[in-house]
*Asks:* 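I have a structure I would like to understand better, so I am pasting it below and will then ask my questions one at a time.
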Number of protein chains: 2
Amino acid sequence: MARTSGTNLRREILDTTRRLLIQDGYQNLSMRKIANAIGYSATSIYLYFENKDNLVHALIDEGMEKMQQLLLGIDNLLTDPLKALRELCNRYVAFGLENPEYYEVMFQLHPARMARYPVEKYRKARKNLEVFRDVIEAGQRMSLFREGDALLKATAVWTSLHGLVSLLIAQRVDQQIAPEDLQERVFDQVVAFVGG
Amino acid sequence: MARTSGTNLRREILDTTRRLLIQDGYQNLSMRKIANAIGYSATSIYLYFENKDNLVHALIDEGMEKMQQLLLGIDNLLTDPLKALRELCNRYVAFGLENPEYYEVMFQLHPARMARYPVEKYRKARKNLEVFRDVIEAGQRMSLFREGDALLKATAVWTSLHGLVSLLIAQRVDQQIAPEDLQERVFDQVVAFVGG
DNA sequence: ATACGAACTTAACACTGTTAAGTAATTATT
DNA sequence: AATAATTACTTAACAGTGTTAAGTTCGTAT
């Protein structure tokens with residue numbers, strides 16, 4: 001019988017890795033630091049995760065699920081698409097700004113490190129985009145939004161929101177620009193584009 | 001007298017680092033690899049650059065200048081703002097997609113690594129944003145674009161373009177979405193927002 | 001009591017950024 | 001011509017990294 005339950009240690013590794021990631025960022029995340037924090041040797045992590053990339057992939061997966069729950073938690077998601085679109089933008093950006101280091105691995109981890117991220121996990125991640133698409137389609141049905149490829153429009157919306165989060169968490173936006181003003185303007189851009 | 005001219009070796013270090021960065025990306029960039037490529041020991045690099053971050057900072061600076069030359073090279077930049085804005089978007093995105101690894105350090109290097117990036121270099125980098133602002137202001141003067149804070153609008157435009165480049169080079173955009181279509185849609189969004 | 005399996009550990013490897021001490025070539029001084 | 005100082009490198013060393021291989025300990029099955 002196991003000294004510990006496999007799923008308990010695996011869960012502890014994941015929770016600890018997430019905490020260290022949020023606290024110190026990806027570049028300061030190391031197997032030895034995770035191991036020290038959980039009180040085991042670094043090599044024990046390899047019993048549960050093939051390598052460091054796979055460990056991070058598991059967290060990306062959980063982050064995508066968390067984000068999806070956040071987005072789907074909006075009231076009247078498909079019955080008030082105009083308001084819902086704004087709220088989707090709010091929640092997406094808030095998630096990114098509140099968890100910058102986590103957001104970074106979710107959306108900016110280098111492709112080389114995503115090489116073995118399973119296709120079915122990409123599919124799951126893409127469901128977040130589909131929430132945007134569904135709201136756009138609902139608005140189109142109600143003639144609140146202009147016609148057009150909803151998935152393409154949702155992707156264009158996403159690029160703007162991602163750009164906003166990415167530049168704010170990389171601290172590249174000029175100090176003269178108030179982040180709230182920029183956020184409002186980007187949201188205006190997005191809503192005008194969709195045609196609300 | 002020096003075995004080599006200081007500026008010659010320094011230039012060689014920069015050129016080689018840029019080449020390796022573009023070829024292998026930031027995460028595979030190491031002082032030892034650079035040293036092997038130039039035929040000196042790794043520690044000789046420290047005679048010209050305080051540390052790895054400073055070396056990369058010098059390249060970021062050069063990249064910002066190169067981008068500025070690209071953007072300022074547009075014909076009728078301030079006399080045909082509507083066309084110029086589109087061309088600015090084209091050139092910005094093309095730059096990013098053609099030099100993804102370089103773009104990553106220019107705009108996505110973690111804030112911790114940018115901690116000692118000189119203020120005057122940030123100021124230089126921001127001139128690229130000012131090119132967008134100046135075009136928007138020119139359009140506003142000609143009543144081609146809507147009124148409003150041109151710097152804020154330029155920043156909003158930049159976030160969309162950055163989002164597009166960032167997601168494409170991170171290979172996060174759904175395969176079902178044609179990058180050219182997405183680019184067109186984002187450009188539409190941007191131009192509509194500015195009011196062309 | 002013994003064998004086997006599971007879940008860890010330690011040992012080892014090749015790599016990393018960086019600092020300190022050492023070396024060789026060039027220049028300046030006597 | 002000999003010596004000292006300076007410059008521009010080198011090697012040695014350090015503490016860290018991800019990962020693999022071999023070893024150890026504990027619990028279970030026979």
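Letters A, B, ... are given to chains in the order of the sequence lines, protein chains preceding strands, and every chain is numbered from 1. Treat the numbers as computed from the prediction; the structure is a model and nothing was measured.
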*Asks:* Can A:K83 and A:E87 be counted as an ion pair, charged N to O under 4.0 angstrom?
*Replies:* no

*Asks:* May I have the distance from B:R10 (atom CZ) to D:dC9 (atom C1'), rounded to whole angstrom?
*Replies:* 18 Å

*Asks:* Which pairs count as ring pair (Phe, Tyr, Trp, His ring centres under 6.0 Å) when at least one residue sits in residues 49-78 of chain A, sequence neighbours excluded?
*Replies:* A:H57-A:Y117

*Asks:* For nucleotides 10-18 of chain C, read 5' to 3', which letter fits each nucleotide if B means a protein heavy atom sits under 4.0 Å from the base, S means only the sugar-phosphate is that close, and - means neither?
*Replies:* BBB---BBB

*Asks:* Please name all residues satisfying side chain to side chain donor-acceptor pair (under 3.5 Å) with B:N36, sequence neighbours left out, ordered by chain then number.
*Replies:* none

*Asks:* Does OP1 or OP2 of D:dA8 have a side-chain N or O of B:Y48 closer than 4.0 Å?
*Replies:* no

*Asks:* May I have the list of side-chain donor-acceptor pairs in residues 160-168 of chain A shorter than 3.5 Å, sequence neighbours left out?
*Replies:*
unit_1: A:S160; atom_1: OG; unit_2: B:S160; atom_2: OG; d: 3.0
unit_1: A:S160; atom_1: OG; unit_2: B:Q189; atom_2: OE1; d: 2.5
unit_1: A:H162; atom_1: ND1; unit_2: A:Y103; atom_2: OH; d: 2.7
unit_1: A:H162; atom_1: NE2; unit_2: B:S166; atom_2: OG; d: 3.0
unit_1: A:S166; atom_1: OG; unit_2: A:Q108; atom_2: OE1; d: 2.7
unit_1: A:S166; atom_1: OG; unit_2: B:H162; atom_2: NE2; d: 3.0

*Asks:* What residue pairs, at least two apart or across chains, pass side-chain hydrogen bond (donor to acceptor under 3.5 Å, both in side chains) with a residue in residues 134-143 of chain A?
*Replies:* none

*Asks:* In whole angstrom, give the distance that lies between atom CD of B:Q27 and atom C1' of D:dT17.
*Replies:* 14 Å

*Asks:* Can you name the side-chain contact (heavy atoms from CB on, under 4.5 Å) partners of B:N28, sequence neighbours left out?
*Replies:* B:D24, B:K33

*Asks:* What's the CG-P distance between A:L20 and D:dG18, to the nearest Å?
*Replies:* 12 Å

*Asks:* In this structure, how many angstroms lie between the C1' atom of D:dT10 and the CG atom of B:N36, rounded?
*Replies:* 14 Å

*Asks:* Taking atom P of C:dT19 as reference, at what distance in whole Å does atom CZ of B:F49 sit?
*Replies:* 15 Å

*Asks:* Nearest-Å distance, CG (B:L47) to C1' (D:dT7)?
*Replies:* 9 Å

